[in-house]
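As the structure lists them, so they are numbered: ligands from 1, and atoms in each ligand from 1.
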Amino acid sequence: MVIVVGSLNMDLVVRAPKIPRPGETVLGSDFKQVPGGKGANQADAASKLGAETAMLGAVGKDSMGDQLIQALKKDGVNVEMVLKKENLPTGVAAIVVEDSGNNAITVAPGANSALTPDDLSGMEKVFEKAKVMLVQLETPIDTVKASLRMARKNNVTTILNPAPATELDDEIFSLVDILTPNETELELLSGMETDSIEKIEAAGKHLLKKGVSKLIITLGSQGSIHIEKDFVKLHPAYSVKAVDTTAAGDSFNAALAVSLAKGEPMENAITFATKVGAMTVTKHGAQTSLPLMGEVLEFDAWYEKMKVEER
Ligand code: ADP
């Protein structure tokens, strides 16, 4: 079983020819309201990839909250531990997606900011059944820490996807089995530059010294780098045409968790996650772009059709 501790947000998505600069107004082309939030996206992805999945999080007592719960339930996620908080709205994310596929996001966390360590204490039973826990940084840091401690206590493998980028203390690093930053997050966490593969390796090694056991640094269309003590391996991305990179990291992390929960070795888990990430960027949306296990099993045939020779 995979458990996901994290955020549920309603994504308010506008498409536009380009992301506006400060003070600029850009005419967009279309508006959609779709379920999102890093936690919910990762839980939804894990369930679609066939894992028994439980979501631990919070929404407001409002219609958006109900819609988010329903969306997860429809895809098979156990939502019994999604709390409905009084006096706070459901979290929302305002997203602009450029025609190039790049995006810019602002999050108003609402009820996500009211998920407390005490809330998690009441959910300890589910940790006893879990193999892997996935957590991100869209809920309060004390709650993230409490979830990591509870996972450790119950022998659950912990994956921290440190997004959005925030500085972290060393205690957190020592509780994380696998840390999955992108370049920007790695730069902030290590305090080192990350603008070349060599510098990324050095920054990654610095975090290993702070107590993280394994790092997988995601590099968008360049793939990912797996770093452990005395071990570095690049996993190139598949060459596909990205139409929307929203949730690429979420689906990658979920796929990693699903594969590791099945007992697969890390190499296989990263290969699986790289396939899932590639499939996600070829579709629009967050939860709508997440592939089903059946689709990933047909990856080779899919890639024959979707492969792009020149980027
Ligand atoms: P994040 O959204 O957290 O920044 P990334 O954009 O690095 O995460 O994406 C996670 C993974 O998804 C990458 O390591 C890669 O394997 C895959 N991926 C992301 N963007 C692309 C792309 N344009 N083409 C192919 N694969 C991609």
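- E183 and K199 are not joined by a salt bridge, as no carboxylate oxygen comes within less than 4.0 angstrom of a charged side-chain nitrogen.
- Of the options A163, G220, A273, G223, the smallest heavy-atom separation from atom 7 (O) of ligand 1 is shown by G220.
- Under a 4.0 Å criterion applied to the non-hydrogen atoms of A242, ligand 1 contributes the atoms 23 (N).
- Here is the list of ligand 1 atoms found below 4.0 Å of a heavy atom in V240: 24 (N), 25 (C).
- Polar contact check, V281 against ligand 1: no nitrogen or oxygen pair lies under 3.5 Å apart.
- Side-chain contact annotation: D177 with T158, donor-acceptor N/O pair under 3.5 Å present.
- Proximity of S221 to ligand 1, defined as any heavy-atom pair under 4.0 Å, is shared by backbone and side chain alike.
- Ion pairing between K84 and D62 fails under the 4.0 Å rule for side-chain N and carboxylate O.
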Using a 3.5 Å cut-off and no angle test, enumerate the donor-acceptor pairs between side-chain atoms of residues 294-305 and protein atoms at least two apart in sequence or in another chain.
| unit_1 | atom_1 | unit_2 | atom_2 | d |
| --- | --- | --- | --- | --- |
| E295 | OE1 | L292 | N | 2.8 |
| Y303 | OH | S239 | N | 2.8 |

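- Looking at T218 next to ligand 1, an N or O pair under 3.5 Å apart turns up.
- Taking any N or O of T274, backbone or side chain, none lies under 3.5 Å from an N or O belonging to ligand 1.
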Exercise. Under the salt bridge (charged side-chain N to carboxylate O under 4.0 Å, His left out) criterion, do R15 and D30 qualify, and how do the steps go?
Worked result: CA-CA 6 Å; R15 280 198 74 83; D30 137 55; 5.3 Å; no

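- Of all atoms in ligand 1, listed by their number and element, those nearer than 4.0 Å to a heavy atom of A237 are 25 (C), 26 (N).
- Applying the side chain to side chain donor-acceptor pair (under 3.5 Å) test to S113 and every residue at least two apart in sequence or in another chain returns nothing.
- Judged by distance alone, with hydrogens and angles left aside, the side-chain atoms of N41 form no donor-acceptor pair with the main-chain N or O of D44 at under 3.5 Å.
- Short contacts between ligand 1 and L219, defined as distances under 4.0 Å to a heavy atom of the residue, involve ligand atoms 7 (O), 14 (O).
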